[in-house]
Amino acid sequence: MTSDRLANLSLAEQACLTSGGTAWTTKAVRDVVRALRLSDGPHGLRRPQDGSLLSASVPATCFPPAVTSGSTWDPALVRRVGAAVAREASALGVDVVLGPGINIKRSPLCGRNFEYFSEDPHVSGVMGAALVEGIQSLGIGACVKHFAVNNQETDRMRVSADVDERTLRELYLPAFEHIVREARPYTVMAAYNRVNGVYACENRWLLTQALREEWGFDGLVMSDWGAVNDRATALAAGLDLQMPPDGSDDQVTAAVKEGRLDRAAVTTAAARVLRLQERVDRAERFDDWDVDAHHELAREAARAGAVLLKNDDDLLPIDPMARLKVAVIGEFARTPRYQGHGSSRVTPTRLDDAWGALRQAAGPELELTFSPGFTVTGEPDSALVEEAVAHAGEADVVLVFLGLPEESETEGQDRTDISLPRCQVDLLRSVAAVCPRVAVVLANGGVVSVSNWRDDAQAILEAWLGGQAGGTALADLIFGAHSPSGKLTESIPLQLQDVPSYLHFPGQDGHTVHGEGRYVGYRYYDTLDLPVAYPFGHGLSYTTFSYTDLEVEETGENAWTVRVAVTNTGSRHGEEVVQLYVAFDEPHPTRPRHELRGFAKLALEPGGSARAEFRLSGRDLAWYSTKRGGWRIDPGAFTVEVGASSRDIRLRAEQRTPGDGIADELTGTSSLGEWLDHPVGGKLLRERLTEHPGAVKLDDVDPLVLSAVAQTPLAKFTGPILGLTREAVTALVAATQKETS
Ligand code: BGC
């Protein structure tokens, strides 16, 4: 069908399909193809009221941004959010939702971290796949962005993310790979930045080799808005759709006519636009959605994503039926911070605030007072502080709502520090001085440092950005109608200087060198055993859980099933995120000490138990060898770890893998040690040395001497040392290749 329609189109018409029609649509061509509507994304729809780039958007449900939905560790919930977003997309005439954003949180300073899920590719991949599945379950297209290594906003349209291939393969690409393989997104968005010097939109290695040839992507690649620099180069690299249009379609036809661009590249890209239309034309179409039900879903997601960092003496929850005086302090309780700034900004259908929600849910004997304490823009105001301290002095418990000002979390800009505004920390100290029972509720999309104030709070509830129903979700948690069940998808460092990318971020002279390599977040802190404020995976509950009966069953070659029992040992209903890590103990680490390979969220009644089950495959043990140009599993021991955070491993089991059985190809520059360890080459070399009259007998050589020369290339042994000739080395290489091919 696509090919019939394509045959109807001239080169100029095909070229014109490869750029947008307006800021938010593709082009219609005669009656062959209709214009498709694309809208941000990712945590709700930003469907502009008119066609312009910066116009206000029509109301839609503002679900919690990815920082919060990621912290739920609940893909089933995120799938439901995706389906709700798709339903709204359908009702608003949108064909493709521009999300999820799945870039890795390399540094807490990235201004768009609120739009991303995690510092870990497994969490990002699983949660991103869930959002794609949810959106596409109604036939609306999803768009996975920003491909790739777009982890900073500084100089985002030009900067080159300089990353070695192993780090790309093991950290920055796996989430994209997972989503492409498992959720089959209709579209992918190529990022603004360059990757190792080549613009992502012109990067054939990324857009064609990795994405399509290796991972089997069969959808359309569009550019980020304004990311294309050279149409012909981008098309040749595998970019199908330039957004928004810039009037350069004739450059495409000219490039074909002048022989600079293969016509087939244009036809292929146009075909992918047609195919996208065929796919989204099969979507279920709705006229409306249940505004209340979607608001409730947003509330559920906000609730499930809040992370209880600390809760000394079980300060939380507060019994709403108790006779207590509770002082609510902080402007964010009344004026919520609920999403970040930039292209993802949604005009909500309604907006809950915690102050209103707490009042509504409080019993008759709970006395609540409110004082703003500070202004949303963060200017100090002594009168506000005085009022707050007076309220705190009379209260049994104080709830202090702190957070980042809106302007510090925006697309297009990175932060320069991770501190809370000074006036908020000072306010907290003044309040804590008059009332010892203080719970802090945080609103922020990027991590904030807690080191200089956490001792002033008995409890800390990290609520992130809660979306439009975040206020009621907080009342649910504070009054204990639900227990917190979110966990950190990123480490909270003690200070910014501890962050592994600190010395490289955001780079200079147009380059951001990823000098920390694979050691991002817990991959760094845990490998070096450095202290953090709160580790990756951490999050408390109002109840407690025990882990028992770890079983690891080998189910095939490099295949295992891991089972563990988890019991709710407290007195309240709760949910636990069980985490599975694979650890390699190496004296000189060449890989992170351990890496997350699975997680499951279990809901348990008091005393109830359930089993979490995970599967491990060879890829979970593999590392990417650039020498081999592929994944590699070394034979040997590894440890299966199951726990409640990366620093709270409850059970361990040691296992062995036979490796992948693939021996590296040997050459003359392979070392003596590599030759001797090689199953075929080692045998042939030994035979050769035994047969040759003048050759050294390896068994007679002092082992210390042998280990001293083990790293020397075999070709260096020609001449008197081992008694090999150049011809003999060439013959050995040929014989080994013959026997292994
Ligand atoms: C952002 C994308 C967004 C696009 C369209 C760009 O500036 O990077 O995430 O989808 O604008 O609004």
Side-chain angles (χ1 to χ4, degrees), residues 19-26 36-58 60 62-63 65-67 85 89 92 94-105 110-117 124 128 131-132 135 140-159 161 175-176 179 185-195 199-201 219-229 239-246 276 339-347 409-414 445 506:
S19 76
T22 69
W24 303 112
T25 57
T26 61
L36 307 178
R37 176 166 286 280
L38 323 170
S39 277
D40 287 301
H43 57 267
L45 281 168
R46 185 172 69 98
R47 157 80 153 91
Q49 281 165 0
D50 59 41
S52 77
L53 206 55
L54 301 174
S55 90
S57 60
V58 299
C62 178
F63 292 97
V67 59
V85 170
L92 297 174
V94 171
D95 298 293
V96 177
V97 178
L98 302 175
I102 59 157
N103 294 98
I104 294 295
K105 300 191 196 199
C110 173
R112 275 184 108 170
N113 272 0
F114 68 89
E115 276 190 72
Y116 303 141
F117 290 109
S124 307
L131 198 73
V132 170
I135 293 171
I140 299 292
C143 181
V144 184
K145 66 190 188 182
H146 309 86
F147 190 54
V149 211
N150 178 192
N151 355 298
Q152 70 182 51
E153 291 301 283
T154 305
D155 202 18
R156 67 172 175 163
M157 296 185 93
R158 299 179 305 190
V159 74
F176 288 100
I179 297 173
Y186 292 178
T187 72
V188 164
M189 185 186 290
Y192 285 126
N193 52 285
R194 293 179 284 155
V195 177
Y199 281 108
C201 286
L220 170 142
V221 179
M222 70 180 80
S223 70
D224 199 342
W225 267 232
V228 172
N229 294 284
L239 185 106
D240 305 309
L241 176 67
Q242 180 205 28
M243 287 304 295
D246 66 354
L276 177 62
Q339 62 178 332
H341 238 294
S343 60
S344 67
R345 197 168 180 75
V346 175
T347 304
E409 302 201 87
T410 175
E411 180 174 338
Q413 244 172 280
D414 293 318

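Throughout, residue positions are numbered sequentially from 1 according to the sequence presented. Counting convention: from 1, in listed order, for ligands and their atoms alike.
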> Looking only at side chains, do R112 and H146 share a donor and an acceptor under 3.5 Å apart?
Replying inline: yes
> In the protein, what heavy atom is nearest to atom 7 (O) of ligand 1, and what distance, to one decimal place, separates them?
Replying inline: E411 OE2, 2.8 Å
> So, do P185 and I179 sit near enough that their side-chain heavy atoms are less than 4.5 Å apart?
Replying inline: yes
> Would you say V97 and I140 make side-chain contact, with heavy atoms under 4.5 Å?
Replying inline: yes
> Strictly under 4.0 Å, does any heavy atom of R156 approach an atom of ligand 1?
Replying inline: yes
>> Test of understanding: given a 4.0 Å heavy-atom threshold, classify the contact between M222 and ligand 1 as side chain, backbone, both, or neither.
In response: neither
> R46 heavy atoms, cut-off 4.0 Å: which ligand 1 atoms fall inside?
Replying inline: 12 (O)
> Should you measure from each heavy atom of K145, which atoms of ligand 1 turn up under 4.0 Å away?
Replying inline: 2 (C), 3 (C), 9 (O), 10 (O)
> Does N150 reach the side chain of Y116, with side-chain heavy atoms less than 4.5 Å apart?
Replying inline: yes
> For ligand 1, which atoms, with element, lie under 4.0 Å from some heavy atom of L98?
Replying inline: 10 (O)
>> Checking salt bridge (Lys or Arg N to Asp or Glu O under 4.0 Å) between E411 and each of R345, R156, R46, which is the one that passes?
In response: R156
>> Looking at G111, is its backbone amide N or carbonyl O close enough to the side chain of E153 to form a donor-acceptor pair, meaning the two atoms are under 3.5 Å apart?
In response: no
> Quick one: which ligand 1 atoms are inside 4.0 Å of a heavy atom on Y192?
Replying inline: 6 (C), 7 (O), 8 (O)
> Between L241 and T26, what is the shortest heavy-atom contact and its length?
Replying inline: CD2-CG2, 3.8 Å
> Which of the atoms of ligand 1 are close to M189, meaning less than 4.0 Å from one of its heavy atoms?
Replying inline: 10 (O)
> Can you tell which of D40, N103, L38, D224 gets a heavy atom nearest to atom 12 (O) of ligand 1?
Replying inline: D40
> Does ligand 1 have a heavy atom under 4.0 Å from the side chain of M243, from its backbone, from both, or from neither?
Replying inline: neither
>> Can you name the atoms of ligand 1, numbered from 1 with element, that are less than 4.0 Å from a heavy atom of W24?
In response: 5 (C), 12 (O)
>> Applying side-chain contact (heavy atoms from CB on, under 4.5 Å) to W225 and L98, what does each step give before you reach the verdict?
In response: CA-CA 11 Å; W225 267 232; L98 302 175; 3.6 Å; yes
> Hey, does R112 come in under 3.5 Å of ligand 1, counting only N/O atoms on both sides?
Replying inline: yes
